[in-house]
J.: 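Before I ask anything, let me first share the structure, which is written out below as structure tokens.
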Number of protein chains: 2
Amino acid sequence: MTYETALAVLGDPTRRQVFERLRGGPCPVHAIAAGMTVSRPAVSQHLKVLKDAGLVEERSEGVRRIYSLRREGLAELRDWLDSFWDDALLAFKIEAERTHWQIKRTRDGNE
Amino acid sequence: MTYETALAVLGDPTRRQVFERLRGGPCPVHAIAAGMTVSRPAVSQHLKVLKDAGLVEERSEGVRRIYSLRREGLAELRDWLDSFWDDALLAFKIEAERTHWQIKRTRDGNE
DNA sequence: CCGTTTCGTAAGTCATGACTTACCGTAAGT
DNA sequence: ACTTACGGTAAGTCATGACTTACGAAACGG
């Protein structure tokens with residue numbers, strides 16, 4: 001989805017914990033909940049939010065629902081982050097063209 | 001600071017709006033609030049949170065407080081995001097352990 | 001000086017959403 | 001068929017935090 005959604009969804013610590021739990025690989029719900037302090041329904045609810053945000057995908061295996069990470073869901077967020085550094089480069093270039101001063105700066109911004 | 005903080009802080013839409021407003025360059029508080037629907041104190045409060053998270057920095061100019069973006073505050077979050085792809089690469093590498101592939105994702109900006 | 005601009009903080013309100021327990025359907029084992 | 005494991009959904013509670021207005025302090029202009 002959008003980077004806004006990803007940020008809002010991953011902003012919650014518990015939900016992030018669920019998300020990171022899946023870095024180890026696909027996992028059924030009860031196994032995710034086992035390592036956490038909150039109840040299993042709470043985990044289910046977080047998984048639904050994560051799924052709606054495209055950060056996680058679900059597959060059925062009998063009575064189990066196996067959830068796994070969906071890294072593409074993070075792509076927009078990553079691009080958004082990168083664009084901030086593009087901003088810095090752009091501003092740097094404009095500034096360099098506008099003024100002929102010698103510029104000694106760090107890569108991150110003004111000082 | 002940590003990527004957890006960055007995610008929690010940027011999770012709020014209004015706060016993100018304040019943050020993105022600063023992409024255009026340093027800005028005093030009243031000017032930020034001018035383009036928004038919420039009150040000026042609300043903006044101040046968001047700026048405080050952003051500053052505590054290291055995402056923004058403040059400088060005084062007379063009676064004005066000029067806020068500007070602090071891109072380093074995003075670095076940890078970006079690294080965290082990248083690490084997800086590292087996960088994928090690692091798993092892939094293990095999978096293809098017999099063939100000696102060189103996989104590389106290029107990105108500038110690393111200090 | 002005195003009024004204005006700028007901004008942070010205090011105090012209080014209110015909605016959102018993260019939990020809980022309870023319940024239901026479904027699949028599998030015996 | 002009965003029992004158990006698994007997990008989604010409903011309903012209700014409760015705390016967090018995002019707002020508001022009101023106020024005080026600091027710099028500046030007239």
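Letters A, B, ... mirror the listed sequences (proteins, then strands); counts begin at 1. None of the values given here were measured: they were computed from a predicted structure.
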J.: Which one of B:R65, B:R64, B:R59 satisfies the side chain to side chain donor-acceptor pair (under 3.5 Å) criterion with B:E61?
T.: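 It is B:R59; the other options fail the test.
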
J.: Name the one of A:T5, A:L10, A:L69 that satisfies side chain to side chain contact (heavy atoms under 4.5 Å, CB included) with A:L55?
T.: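 When A:T5, A:L10, A:L69 are each tested with A:L55, the side chain to side chain contact (heavy atoms under 4.5 Å, CB included) holds only for A:L10.
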
J.: N/O contacts under 3.5 Å, protein versus nucleotides 4-9 of chain C?
T.:
residue : atom : partner : partner atom : Å
C:dC7   : OP1  : B:V29   : N            : 3.1
C:dC7   : OP2  : B:H30   : N            : 2.6
C:dG8   : OP1  : B:Y67   : OH           : 2.6
C:dG8   : OP2  : B:S44   : OG           : 2.0
C:dG8   : N7   : B:R40   : NH1          : 2.9
C:dG8   : O6   : B:R40   : NH2          : 3.0

J.: Compare all side-chain heavy atoms of B:M1 with those of B:D52 and state whether any distance is below 4.5 angstrom.
T.: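 They are not in contact (no side-chain heavy atoms under 4.5 Å apart), so the answer is no.
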
J.: Go ahead and name the base partner of C:dT30; Watson-Crick or wobble counts if both distances stay under 3.5 Å, otherwise write none.
T.: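 Base-paired to D:dA1.
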
J.: Compare all side-chain heavy atoms of A:Y3 with those of A:L81 and state whether any distance is below 4.5 angstrom.
T.: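 No, side chains not in contact.
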
J.: Determine which pairs satisfy ring pair (Phe, Tyr, Trp, His ring centres under 6.0 Å) with at least one residue from residues 15-72 of chain B, sequence neighbours left out, and list them in order.
T.: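 For residues 15-72 of chain B, and leaving out neighbouring residues, the ring pair (Phe, Tyr, Trp, His ring centres under 6.0 Å) pairs sorted by first residue read A:F84-B:F19.
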
J.: Check A:L47, A:D12, A:V29 against A:V18 for a side chain to side chain contact (heavy atoms under 4.5 Å, CB included) and give me the one that passes.
T.: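 Answer after filtering A:L47, A:D12, A:V29: A:L47.
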
J.: Looking only at atom types and distance, does a side-chain atom of A:R70 sit under 3.5 Å from a main-chain N or O of A:G54, one as donor and one as acceptor?
T.: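 It does hold such a pair.
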
J.: Give the first and the last nucleotide of DNA chain D, reading 5' to 3', that has any atom under 4.0 Å from a heavy atom of chain B.
T.: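 So the outermost contacting nucleotides come out as D:dA18 to D:dC28.
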
J.: Is a side-chain N or O of A:S44 found less than 3.5 angstrom from the main chain of A:P41, in a donor-acceptor match?
T.: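 No, A:S44 side chain to A:P41 backbone: no donor-acceptor pair under 3.5 Å.
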
